[in-house]
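Before any comments, here is the structure.
Letters A, B, ... mirror the listed sequences (proteins, then strands); counts begin at 1.
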Amino acid sequence: MSVYSRYYQIVRRVPRGRVVTYGQVAYEAGLPGRARQVGYAMAACPEDEDIPWHRVINARGEISKRGSPGSFERIQRALLEAEGVVFDERGRVDLDRFGWTP
DNA sequence: CTAGTGACTGTTT
DNA sequence: AAAACAGCCACTA
């Protein structure tokens, strides 16, 4: 049982049309201050399980950038918009409205 | 065991 | 408001 599984389980609880920050996932998993590990866990996200990884964004309300391709961010944004999440012209989400609170 | 690598965050320029 | 800094630690080789 790795720490990743804990994070994945938290992410699975996020309902449609809502988003969470990396730090919040770590906090809910009982491991505050480990946002970076959450990011690393998402990078290793298993595709064969239904993990809504696209609902995890950074504390600024933006989609975190992954070094090389860049196309994944566009896909993530499309997935969120399809669930009703609204982005402003700068590509940010209003966490006060769409942020998930357990 | 050590060293390198990050989908991050809060504070400080 | 945007950028730079220093912490954070699981995982892989």
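Side-chain proximity of A:Trp53 to C:dC9, B:dG6, B:dA7: nearest is B:dA7. Closest contact between the side chain of A:Asn58 and the listed nucleotides C:dC9, B:dT9, B:dA7 involves B:dT9.
Rounded to an integer number of Å, the gap from CD of A:Gln76 to C1' of B:dA7 is 8 Å. The nearest whole Å value for the distance from the CZ atom in A:Arg60 to the P atom in B:dT11 is 14 Å. Per the geometry, OH belonging to A:Tyr4 stands 11 Å off P belonging to B:dA7, to the nearest Å. A:Met42 places its CE atom 13 Å from the P atom of B:dA7, with the value rounded to the nearest Å. For A:Lys65 and B:dC8, the NZ to C1' distance is 16 Å, given to the nearest whole Å. Here the C1' atom of nucleotide C:dC11 and the OH atom of A:Tyr7 are 12 Å apart, to the nearest Å. Straight-line distance from the CD1 atom of A:Ile57 to the C1' atom of B:dC8: 13 Å, rounded to whole Å. Protein atom CZ of A:Arg34 is 22 Å distant from nucleotide atom P of B:dT5, rounded to whole Å.
In this structure, OH in A:Tyr40 is found 4.5 Å from OH in A:Tyr4, a value given to the nearest 0.5 Å. If you take CE on A:Met42 and CD on A:Gln37, they are separated by 12.0 Å, rounding to the nearest 0.5 Å.
A salt bridge between A:Glu28 and A:Arg13 is absent, with no side-chain N of the basic residue lying under 4.0 Å from a carboxylate O of the acidic one. Salt bridge absent: A:Arg77 and A:Glu73 never bring a charged side-chain N and a carboxylate O closer than 4.0 Å.
Remark: side-chain polar atoms of A:Arg55 are not paired, donor with acceptor, to backbone N or O of A:Leu80 under 3.5 angstrom. Side chain of A:Gln76 to main chain of A:His54: a donor-acceptor pair is present (N/O by atom type, distance under 3.5 Å, no hydrogens or angles).
Contacts between residues 82-102 of chain A and DNA chain B, defined by a heavy-atom separation below 4.0 Å, involve no residue at all. Of all the residues in residues 11-24 of chain A, not one reaches under 4.0 Å from DNA chain C with any non-hydrogen atom.
When each of A:Ser2 and A:Arg36 is assigned the nucleotide of DNA chain C bearing its nearest heavy atom, the one mapping closer to the 5' terminus is A:Arg36.
Heavy atoms from other residues, nucleotides or ligands lying under 6.0 Å from CD of A:Glu49 number more than 12.
The two residues A:Tyr7 and A:Ala41 make their nearest non-hydrogen contact at CD1-CB, 3.8 Å.
In terms of the salt bridge (Lys or Arg N to Asp or Glu O under 4.0 Å) criterion, residue partners of A:Glu62 (sequence neighbours excluded) are, by chain and number, A:Arg60, A:Arg92.
Separation of the C1' atoms belonging to C:dA13 and B:dA7 is 22 Å when rounded to the nearest angstrom.
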